[in-house]
Asks: 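Handing you a structure now.
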Amino acid sequence: MQAFDVIVIGGGAAGIGAARTLFDAGRNVLLVEADARLGGRARTEHVDGMALDLGAGWLHSAEHNPWVEIAALHGFVLDRTLPRWREQWREIGFSHADQRDAAKAFAAFEKRLRKDPPPGDRAGAALVPGSPWGAWIDAVSGFVNGVDTAKLSIADYLAYEDAATETDWRVPAGYGALVAAQAAGLRVALATPVTAIDRAGTALKLHTPRGTLVAGQAIVTVSTDILARGDIVLGGHDDILHAAAALPLGLADKLFLAIDLGADELEANAHLLGDPRNVITGTYTLRPFGRPVIEAMFGGEGAREMAERGLQGAADFAIEELCALLGGKWRRRLRLLAGSAWSRETHVRGGYSHALPGRASAREVLATPVDPRIRFAGEACSATEFSTVHGAYKTGVAAARALLG
Ligand SMILES: Cc1cc2nc3c(=O)[nH]c(=O)nc-3n(C[C@H](O)[C@H](O)[C@H](O)COP(=O)(O)OP(=O)(O)OC[C@H]3O[C@@H](n4cnc5c(N)ncnc54)[C@H](O)[C@@H]3O)c2cc1C
């Protein structure tokens with residue numbers, strides 16, 4: 001049986017960051033991935049000649065995002081066109097006056113979170129009862145946090161907001177493709193789910209359906225929902241499992257609609273929110289990169305509803321929302337091209353992590369090792385850059401460096 005210095009479990013951004021760091025430091029490292037491909041929640045699919053990101057698409061906080069440099073290293077071009085999420089194209093269905101009112105309501109909500117937070121650390125308690133913009137604030141929270149404000153920790157939300165910048169860039173060839181490219185040259189075992197880590201001997205034994213692997217050290221980078229479900233039997237890691245349960249994955253999903261006719265009637269990279277008065281609504285980027293598609297995203301309760309409807313049901317919903325804004329002729333012009341259902345992905349089970357009210361400190365617990373040979377990494381371990389690809393990557397690099405001593 002071959003023994004490795006380190007085995008990294010999970011081939012997403014964190015696992016690739018960890019394995020790359022260890023490999024570059026001369027360690028004999030194996031990256032073990034349950035799925036048949038690398039990238040995890042950064043996943044690019046190639047459809048009709050386009051690279052579509054079904055998971056992460058934006059290099060958030062580009063000023064301190066290591067993927068900017070990695071993209072240059074691998075020859076991936078970046079598109080620095082900033083997102084227009086805060087604009088409603090031609091004010092359709094959301095007038096400038098209403099947008100201003102909604103933005104004011106959000107600013108007042110965030111001010112309460114900072115200056116006069118309600119007891120209990122529950123963001124939703126700071127909403128004004130009966131406000132016409134409560135549903136909109138919850139919809140925005142769904143996109144950003146994967147969950148509405150009722151289940152959101154104030155401390156956790158603000159930790160992210162304080163660290164993030166407003167500079168978001170994209171990769172036309174796909175963020176998922178870029179993440180996978182960073183694994184070039186690494187030794188990888190795909191389709192190999194680790195089911196248990198046996199810590200009894202001096203060497204760790206990792207059980208998989210394809211046999212047992214042996215390593216001196218391990219880095220675990222699976223999502224919090226995978227950890228909390230006990231998909232990997234760890235033994236003696238109750239604090240880690242409780243921390244993972246306090247950092248559940250919210251929901252986020254993507255949907256791409258092909259524009260079969262009249263694409264040039266829509267402005268490239270313009271944005272529409274489906275319905276500013278409904279928490280169950282999509283956010284639509286028209287013709288990203290000038291392509292003949294509309295990219296829809298659903299978050300929180302909206303994503304939950306779309307997962308129940310299934311991909312075609314979600315596409316029908318999106319097309320109806322767009323027809324209500326753009327006119328009925330678009331019903332025949334739009335069709336489902338591709339979409340995600342992250343809550344049904346066996347080895348992920350959701351979108352990105354958020355702390356439950358009162359549980360923001362769980363991120364630190366998750367990143368603190370119980371056994372000095374085993375480290376945890378992944379987006380949820382980042383205190384301030386969780387729910388992102390760059391945050392995940394940094395935790396992987398940090399875990400690797402910690403093992404390197
Ligand atoms: C729809 C959507 C949109 C998003 N948009 C953005 C965005 O624009 N920008 C951004 O920065 N972030 C975005 N994110 C979040 C980002 O994708 C994640 O935060 C990040 O990719 C997580 O990386 P990770 O390595 O922590 O986890 P993952 O990517 O989940 O990697 C963990 C890996 O572990 C594997 N695994 C699970 N169980 C086992 C096992 N037992 N054995 C071996 N392997 C296992 C999984 O298959 C997976 O590949 C988005 C996410 C979604 C879902």
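Every value quoted in this text rests on a predicted model; they were computed, and no experiment measured them. Whatever order the structure lists ligands and atoms in, that order sets their numbers, starting from 1.
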Asks: Looking at Arg363 and Asp156, is there a salt bridge between them, counting it only when a charged N and a carboxylate O are closer than 4.0 Å?
Replies: yes
Asks: Just so I know, are the side chains of Phe23 and Val8 near enough to count as touching, which here means a heavy-atom distance under 4.5 Å?
Replies: no
Asks: Among all protein non-hydrogen atoms, which one is nearest to atom 44 (N) of ligand 1, and what is the separation to 0.1 Å?
Replies: Ala34 N, 3.1 Å
Asks: Please state which protein non-hydrogen atom is closest to atom 51 (C) of ligand 1 and give its distance, to 0.1 Å?
Replies: Tyr352 CD2, 3.4 Å
Asks: Which protein heavy atom lies closest to atom 8 (O) of ligand 1, and at what distance to 0.1 Å?
Replies: Trp58 N, 2.9 Å
Asks: Sort and list the pairs that fulfil salt bridge (Lys or Arg N to Asp or Glu O under 4.0 Å) and have at least one residue in residues 388-405, not counting sequence neighbours.
Replies: Glu385-Lys394
Asks: If you measure every N or O of Val194 against every N or O of ligand 1, does any of those distances drop under 3.5 Å?
Replies: yes
Asks: Going by salt bridge (Lys or Arg N to Asp or Glu O under 4.0 Å), name the pairs with one or both residues in residues 226-238, residues two or more places apart or in two chains.
Replies: Arg229-Asp231
Asks: Which residue owns the protein heavy atom closest to atom 13 (C) of ligand 1, what's the atom, and how far is it?
Replies: Ala56 CB, 3.3 Å
Asks: Considering distance alone, does some N or O of Met297 sit under 3.5 Å from an N or O of ligand 1?
Replies: no
Asks: One residue to check: Thr195. Relative to ligand 1, which of side chain, backbone, both or neither has a non-hydrogen atom less than 4.0 Å away?
Replies: neither
Asks: With respect to Ile226, determine whether any N or O atom, backbone or side chain, lies less than 3.5 Å from an N or O atom of ligand 1.
Replies: no
Asks: Where do Leu54 and Ala338 come nearest, in terms of heavy atoms and distance?
Replies: CD2-CB, 4.2 Å
Asks: One residue to check: Thr388. Relative to ligand 1, which of side chain, backbone, both or neither has a non-hydrogen atom less than 4.0 Å away?
Replies: both
Asks: On a heavy-atom basis, I'd like to know which of Glu33, Arg41, Arg229 is closest to atom 30 (O) of ligand 1.
Replies: Arg41
Asks: Between the side chains of Asp48 and Arg291, is the shortest nitrogen-to-carboxylate-oxygen separation below 4.0 Å, so that they form an ion pair?
Replies: no
Asks: What protein heavy atom lies closest to atom 32 (C) of ligand 1? Include the residue and the distance to one decimal.
Replies: Thr221 O, 3.5 Å
Asks: Could you identify the single nearest non-hydrogen protein atom to atom 23 (O) of ligand 1 and state the distance to 0.1 Å?
Replies: Ala392 CB, 3.5 Å
Asks: Looking at Phe386 versus Tyr352, is the centre-to-centre ring distance below 6.0 Å?
Replies: no
Asks: I need the contact type for Ser387 against ligand 1. Using non-hydrogen atoms and a strict under-4.0 Å cut-off, is it side chain, backbone, both or neither?
Replies: backbone
Asks: Within 45° of the six-membered ring axis of Phe289 and under 6.0 Å from that ring's centre, is NZ or CZ of Arg170 located there?
Replies: yes
